[in-house]
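Encoded as structure tokens, the structure appears first; notes follow it.
Throughout, protein chains are lettered first and strands after them, A, B, ... in sequence-line order, and every chain is numbered starting at 1. Note: hydrogens, waters and symmetry copies are ignored here, and every other heavy atom, side chains too, is used.
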Amino acid sequence: MLPPAAVFRFPWEVNSVKEGESVRTFGRFLPLFRLVCYQPDESRATLTAQHASKEHPVLVHTQFVEPFNPIIGAQYLVLGETENYEGVGVVVRARVLNCVDGVNIALLQKAVTEQRSFFTERECKQPEEFSKSLL
Amino acid sequence: MDPGEEPPSMLWGLDPIFSAFARLFVSDILQMTESTQVPGIYFYNWHPIYKVDVLGTVVYKRERDDFFCYGVDDGTGVINCLCWKSNLLKEEEDPRTSGAAHSDAALGGFNPVAELKKLRQNQQKRCRLEIGELLRVRGRVKTSRQQREIMASTFYKVDDPMMAVQIAWMMEVPQLYRQFYDKRFQLDAAGSAESSLCKATNLIKDFLKQRLVTKFRPYDVQDLLQPLIAARLQTTATEQEPVAGPSGRQQLSHLLKEVLQVLQNDGVVYRKVKSQDEVYHVTLQDKDLFIAVKDVIREDSRREKYAESGCHVLHILSAVRQRYSLNLTKAALELVLKTLECDSDIVSTSDSHYVAL
């Protein structure tokens, strides 16, 4: 069985998605001296991204992608399902955790926005005609 | 899309997207309707499509003896891709060849066996993907057991450590949609203004040829174009709501003007005298012009200066202009020269020099 499609979500949006939804998001591994980091014994890692002068941490469950080589401070792309835990908040259970250090974050953001605006534009423009052509 | 609305299969090949690998979003590939006329052909927005090009992350894999099955996720959907193993991949490593390769490699120089082994290893690396790696697939869309999948004709792993390829793809695909996939393909898309000019030009040309017209005035041929304008008015009237536009009369004179310009540019007609009275001479029917051109070439070919190399086109043009008509165009002269050469009255010595026989 194929897993559901993982839609791109920005790190600052992950906390607002529905439970069980598949997401792919990106972020930087928090440096060790921060409070949250990669905890191998609990299979839990924290990614963070900066947006609008705020740090947005994303909790990642890494059980499915272990063993992996955590590079502290590097950019990672996570693909997985969201789960909601009481007291902890949203955790992404990673199916894929790729190191993409050096990625042009600004361009990636632009590409994601571009794709989203294309879809909204398409739905607005021809909701009837388009659904008719697909059905 | 109703089955009855499908474009007729005879016209599919005229849609350029039909013969291309369409870079569609996976979600659209999954939702396209299959043709009722020919299974294996799908429609996206009335475009017939049977092969696609996809880039995405592998999120599922299964390996069989003959093929790999990868689930590819491009962020909009997940689709199964059937990737057949090539013979290079299937062959088990033969201990004898590997042993030979080692001994030869030690000698240095080019070793085909070792190179082939390297090639095989490379291919294996490119074809065997793990979950999380990026895959590019091109192939036919197929529906088997009610599941849509891609039968890969080409597939390979893409090394994209900084997501440059993925980002470029994400930026490019919406553009492709806007420019091509989301535009309805219309057979008569190019047939509005441009080809009606073509049609009109051919109509006038045929008329001149059939009737051996030597000269004419615009209003003599104007009526020939009337049916074209009428047809155009009719189609616009049925397709759109009536808009304030040029009247039929204006359109007619405009079209005629364009046609005459094309004919003049081609040298089919020319105006011997530029005056109020708009008279057009048909180049090929102008006997006097032919005589004048022949005379010029014959006389000048005798002169020592031109005897060897022949007269240049521009020289002939200026001579004929002085002698016959100041308004003769180069295109018209070239048409005359071509005809004279076909009749073996003159011979070209280079692509722009002529001598008389």
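Heavy atoms closer than 4.5 Å to chain A are found in the side chain of B:Gln175, but not in its backbone. Residue contact with chain B, scored on non-hydrogen atoms closer than 4.5 Å, involves the backbone and the side chain of A:Val112 alike. Only the backbone of B:Pro161 comes within less than 4.5 Å of a heavy atom in chain A; its side chain stays farther off. Within the 4.5 angstrom heavy-atom criterion, atoms from both the backbone and the side chain of A:Leu107 approach chain B. Only the side chain of B:Phe25 comes within contact range of chain A, with heavy atoms under 4.5 Å apart.
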Q: With side-chain contact (heavy atoms from CB on, under 4.5 Å) as the test, would you mind laying out the steps for B:Val173 and A:Phe118 before giving the verdict?
A: CA-CA 10 Å; B:Val173 171; A:Phe118 167 74; over 6 Å; no
**Q.** Candidate pair B:Val59 and A:Arg95, rule side-chain contact (heavy atoms from CB on, under 4.5 Å), full reasoning
**A.** CA-CA 8 Å; B:Val59 291; A:Arg95 281 188 273 133; 3.7 Å; yes
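The closest donor-acceptor contact from the side chain of B:Asp73 to the backbone of A:Ala6 lies under 3.5 Å.
Atom CG of B:Leu134 and atom CG of A:Asn98 lie 9.0 Å apart (nearest 0.5 Å). How far CZ of A:Phe8 is from CE of B:Met170: 5.0 Å, rounded to the nearest 0.5 Å. Taking CD of B:Gln147 as the reference point, atom CG of A:Leu2 lies at 6.5 Å (rounded to 0.5 Å). For the atom pair CD1 of B:Ile131 and CZ of A:Phe64, the computed distance is 11.0 Å after rounding to the nearest 0.5 Å.
Residues B:Met171 and A:Ala111 approach most closely at SD-CA, 3.5 Å, considering heavy atoms. Minimum heavy-atom separation, A:Arg122 to B:Tyr177: NH1-CE2, 3.3 Å. In plain terms, the two heavy atoms of B:Ile167 and A:Asn104 that are nearest each other are CD1-O, 4.1 Å. When every heavy atom of B:Val58 is checked against every heavy atom of A:Val96, the shortest pair comes out as O-CG2, 4.5 Å. Smallest separation of non-hydrogen atoms from A:Leu108 and B:Met163: CD1-CE, 3.9 Å. Of all heavy-atom pairs spanning B:Asp74 and A:Arg24, the tightest one is C-NH2, 3.8 Å.
Ion pairing of A:Glu114 with B:Arg178 is present here, as a side-chain N (NZ or NE/NH1/NH2) and a carboxylate O approach within less than 4.0 Å.
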